[in-house]
A.B. asks: 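Pasting in a structure now, in structure tokens, and then I'll have a few things to ask.
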There are 2 protein chains.
Amino acid sequence: MQPCVAAYHGRVTRPLRADSERTMRAILDAANQVLAENPAATLQQIADAAGVARTTVHRRFASREALMEALVLDMLAQLEAVIDDSRPETAPPLVALHELSAGYITVKGRWRLTDVHPTEFEHGEAIERIKARNRALFQRLADTGTIAPDTDLEWAVRVFFALLHEAIERRAVTGNSPDTLAALVTSTLVGGLRGV
Amino acid sequence: MQPCVAAYHGRVTRPLRADSERTMRAILDAANQVLAENPAATLQQIADAAGVARTTVHRRFASREALMEALVLDMLAQLEAVIDDSRPETAPPLVALHELSAGYITVKGRWRLTDVHPTEFEHGEAIERIKARNRALFQRLADTGTIAPDTDLEWAVRVFFALLHEAIERRAVTGNSPDTLAALVTSTLVGGLRGV
DNA sequence: CAAACTCGCTACATTGGTGTTGCAACTCAG
DNA sequence: CTGAGTTGCAACACCAATGTAGCGAGTTTG
């Protein structure tokens, strides 16, 4: 009977050993990457991508569902960290938008996973918090006249995320820097294809 | 041993009987809808959604893969029909863009499926043709100065599809008409959130 | 160094999705 | 109406993915 500490996905009772921590990260990163390309990917495929035996995945995560849960939590945590860094409440809104874009693009995690968890309860809170902070930034953009004052904020946020998704795909092809792509995203978002 | 005519996914050797045709459509539509929400959906779930026994699905489509194939072909056909209707080569480009948007939105099919088939050969041709016609329309938009002349056409097309995707999601929530949403898409695409 | 822990590996049980077959009841086309 | 074709249903074989368990070898921690 193994301790199976990690079944609590993140909320560890006692600290993980160094190697265990490494394995955990490797699995989460691999899962993130593999599942983005194929949502129906096997635990075996994930294990292979992580350079780990399949049984180890089961040791760390009680079930496939538990792994998904951990993935989402991990991703949300990374997201909030990115938002914190961009200081959307205090920095000049256009600057914050650029920083936020670059951060999102750097955290290469795909967003297809966001399609999975809206049915969950636990994360709903975190997601709402993230959405609210994004909406607040766009409110500031509207107030300062950077975008039309009567902009539908819900639509604005959705378009923002859609553009980020495309930018991330583009990154894989062109190899552009997050900063370049962030500029492209903000430019397209604010001024459309008509340009400045 | 049943005829299994439909295993040839569309390229029928002899015409289908009326009821068979109906079933076929029901399955394709149901699959389109169910798979959009859950790419790993069971054939059983698809059959249920189509109001059909699971074995019937197998009778019409040799395998799960064959069903996917048929889905893609069906969707591509609908797409080309929409493009034809919008006359992107002859109509005023902005008008064509609006028509195209409304058409795409009406053909409610989700685009998550587009993530599946880029690995295929047979469809690559059709997809390239569709992409080319879209690119041509955006070229005309650039030539007439509706969008910046130096716009990256590849980026433009991708953004266009991303906006369409969001518009389709929005339609499910707000119930807006395809025309209203098409206006929103073209406006956002050309002028961004800054408005006209 | 030594105890505690982790990993890879092998083997196995279980489950759920896939695909097949045959038959009786029904529906369509001519 | 009649024959050909189609469907639902039940029963079945098959397989791949999931999840479990134990052991020996290797790693970390104190």
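Only heavy atoms go into these numbers, but all of them, side chains included; no hydrogens, no water, no symmetry mates. Every chain is numbered from 1 and lettered A, B, ... according to where its sequence line falls, protein lines coming before strand lines.
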A.B. asks: Between A/I105 and A/A182, what is the shortest heavy-atom contact and its length?
C.D. replies: CD1-N, 3.9 Å

A.B. asks: Tell me whether the side-chain N/O atoms of B/T23 come closer than 4.0 Å to OP1 or OP2 in D/dT7.
C.D. replies: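 Affirmative; the distance criterion is met.
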
A.B. asks: Salt bridge or not for B/E89 and B/R133, using N-O below 4.0 Å?
C.D. replies: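 Yes, B/E89 and B/R133 are salt-bridged.
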
A.B. asks: With a 4.0 Å limit, can you tell me whether A/S63 has a side-chain N or O closer than that to the phosphate oxygens OP1/OP2 of D/dT18?
C.D. replies: no

A.B. asks: Is A/T55 close enough to C/dG8 that one of its side-chain N or O atoms is under 4.0 Å from OP1 or OP2 there?
C.D. replies: no

A.B. asks: Choose from C/dG17, C/dA11, C/dT20 the nucleotide whose nearest atom is closest to any side-chain atom of B/R54.
C.D. replies: C/dT20

A.B. asks: Send over the distance from B/M68 CE to C/dG19 C1', rounded to a whole Å.
C.D. replies: 16 Å

A.B. asks: Taking only the side-chain nitrogens and oxygens of B/T56, find out if one of them lies under 4.0 Å from OP1 or OP2 of D/dG8.
C.D. replies: yes

A.B. asks: State which of C/dA29, C/dT18, D/dT7 makes the closest approach to the side chain of B/R17.
C.D. replies: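 Of all the options, the side chain of B/R17 is nearest to C/dA29.
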
A.B. asks: Return the value, rounded to whole Å, for the distance between atom CD of A/Q44 and atom P of C/dG8.
C.D. replies: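 So the CD-P distance, A/Q44 to C/dG8, works out to 12 Å.
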
A.B. asks: Does A/R64 make a side-chain N or O approach to OP1 or OP2 of D/dT18 shorter than 4.0 Å?
C.D. replies: yes

A.B. asks: If you take atom types as modelled and just measure distance, does the side chain of A/R59 reach the base of C/dT6 with a donor-acceptor pair under 3.5 Å?
C.D. replies: no

A.B. asks: For B/R87, I'd like to know if atom CZ has over 12 heavy atoms of other residues, nucleotides or ligands within 6.0 Å.
C.D. replies: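 Atom CZ in B/R87 is not packed in, count stays at 12 or less.
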
A.B. asks: Between D/dT27, C/dG8, C/dG19, which nucleotide gets closest to the side-chain atoms of A/V52?
C.D. replies: C/dG8

A.B. asks: Find the distance between OG1 (B/T42) and CG (B/L35) and round it off to the nearest 0.5 Å.
C.D. replies: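 Reported value, rounded in 0.5 Å steps: 10.0 Å.
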
